[in-house]
Amino acid sequence: MLIELRKLKVIKALSEETSCYTAEIWIDGALAFLASNRGHGGADDFRQKGTLTEAEVDQWLKAHRTARTYQGIDLDPSLENEVAEKIDVAESVSALRRRLRTNIVTIEDGAVYSYPLKKRPPDPVIAAIRIKRPAAEILNGADDARLLAAARLILDADNAASGSVPL
């Protein structure tokens with residue numbers, strides 16, 4: 001089952017306890033749900049538009065996905081958790097794209113690093129990085145798949161760091 005978010009709009013100004021958003025959820029190429037959350041800590045609202053119900057999708061996810069850890073908490077597979085993860089990834093990719101405008105971003109030893117350009121042209125900075133760190137993968141000019149991989153590394157590092165902090 002391929003689950004995609006389309007027409008995602010996150011309204012950060014209204015996001016308090018949860019992400020305030022609206023989106024379309026497409027499953028296997030067909031519109032399945034209209035999704036939203038008001039950002040005040042309540043559950044997501046899924047309005048069914050296709051033939052699949054939320055319970056059917058949750059049942060499939062429980063059978064085919066493993067629990068994911070978010071800030072030290074294990075979350076069972078569900079449509080709400082799937083959507084939350086996809087929003088996190090989309091927001092992380094968007095932030096990474098913004099950072100690429102003013103920084104050289106690399107993946108080194110499984111972590112993402114950023115080198116500010118400080119109004120310098122990118123080529124000399126990239127050349128200096130390649131001399132000092134020949135194994136570094138430069139993300140500037142990379143395709144969407146590499147940016148997605150970098151975003152997942154960032155999210156995994158954030159989740160690991162958040163999970164280790166005592167409450």
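By convention here, the first residue in the shown sequence is residue 1.
- Taken together through direct or relayed side-chain contacts under 4.5 Å among Ile, Leu, Val, Met, Phe, Trp and Tyr, Leu75 and Ile87 form parts of separate hydrophobic clusters.
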Are Thr106 and Leu139 close enough, and set up right, to give a side chain to side chain contact (heavy atoms under 4.5 Å, CB included), and what steps lead you there? CA-CA 5 Å; Thr106 65; Leu139 293 178; 6.0 Å; no
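- No continuous path of hydrophobic side-chain contacts links Leu155 to Val112 [ILVMFWY only; heavy atoms under 4.5 Å].
- Residues Leu100 and Leu147 meet the side-chain proximity criterion, which asks for heavy atoms closer than 4.5 Å.
- In the hydrophobic clustering of ILVMFWY residues, with side-chain heavy atoms under 4.5 Å counting as a link, Tyr115 and Leu117 come out together.
- With a 6.0 Å radius and a threshold of 12 heavy atoms from other residues, nucleotides or ligands, Asp109 has its CG atom at or below the threshold.
- Of the charged side-chain nitrogens involved, at least one lies within less than 4.0 Å of a carboxylate oxygen, so that Asp45 and Arg47 count as a salt-bridged pair.
- For Leu8 against Ala90, the heavy-atom pair with the smallest separation is CD2-CB, 3.8 Å.
- The backbone N or O of Leu52 sits less than 3.5 Å from a side-chain atom of Gln48, completing a donor-acceptor pair.
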Starting from the C-alpha separation in whole Å, work towards a yes-or-no answer on side chain to side chain contact (heavy atoms under 4.5 Å, CB included) for Leu2 and Trp26. CA-CA 8 Å; Leu2 176 63; Trp26 289 64; over 6 Å; no
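- A chain of hydrophobic side-chain contacts below 4.5 Å, direct or via other Ile, Leu, Val, Met, Phe, Trp or Tyr residues, connects Phe46 to Met1.
- Across all non-hydrogen atoms, the minimal contact from Asn103 to Pro116 is OD1-CA, 3.0 Å.
- His40 and Asn37 make their closest contact through N-OD1, 4.2 Å (heavy atoms, listed as atom of the first residue, atom of the second, distance).
- With contacts defined as side-chain heavy-atom distances shorter than 4.5 Å, the pair Asp144/Arg97 qualifies.
- No option in Ile27, Asp44, Thr53 other than Ile27 meets the side-chain contact (heavy atoms from CB on, under 4.5 Å) test with Phe33.
- When side chains are defined from C-beta on, Pro122 counts as touching Ile104, because their heavy atoms get closer than 4.5 Å.
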With side chain to side chain contact (heavy atoms under 4.5 Å, CB included) as the criterion, how do Asp76 and Arg68 come out once you've worked through the C-alpha distance, each side chain's angles and the decisive distance to 0.1 Å? CA-CA 7 Å; Asp76 290 330; Arg68 78 175 177 113; over 6 Å; no
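- Between the side chains of Ser78 and Asp58, no donor N or O sits under 3.5 Å from an acceptor N or O.
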Take Leu14 and Arg38 through the side chain to side chain contact (heavy atoms under 4.5 Å, CB included) test and state the conclusion after the steps. CA-CA 7 Å; Leu14 297 178; Arg38 294 176 184 251; over 6 Å; no
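- Closest of all the heavy-atom pairs between Val89 and Ala151 is O-CB, 4.3 Å.
- Comment: Glu24 does not engage Arg6 in a salt bridge, judged by the lack of any side-chain N to carboxylate O separation of less than 4.0 angstrom.
- Panel note: side chain Lys86, backbone Ile3; a donor-acceptor pair is recorded below 3.5 Å.
- We find the CD-CD distance between Gln59 and Glu54 to be 13.0 Å, quoted to the nearest 0.5 Å.
- Nearest heavy-atom pair across Leu96 and Ile154 is CD1-CD1, 4.2 Å.
- In this structure, the side chains of Glu91 and Lys12 come closer than 4.5 Å at one or more pairs of heavy atoms.
- Within the 4.5 Å cutoff, no side-chain heavy atoms of Glu4 are placed close to those of Ile25.
- Ile107 and Tyr113 fall into different hydrophobic clusters, defined by Ile, Leu, Val, Met, Phe, Trp and Tyr side-chain heavy atoms under 4.5 Å apart, directly or through other members.
- The structure places CG of Leu79 at 6.5 Å from CG of Leu61, a figure rounded to the nearest 0.5 Å.
- Between the side chain of Ser15 and the backbone N or O of Ile11, at least one donor-acceptor pair lies under 3.5 Å.
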Assess the residue pair Glu108 and Lys132 against the criterion (salt bridge (charged side-chain N to carboxylate O under 4.0 Å, His left out)); give the C-alpha distance rounded to whole Å, side-chain angles, the decisive distance to 0.1 Å, and a yes or no. CA-CA 12 Å; Glu108 303 170 32; Lys132 290 196 175 209; over 6 Å; no
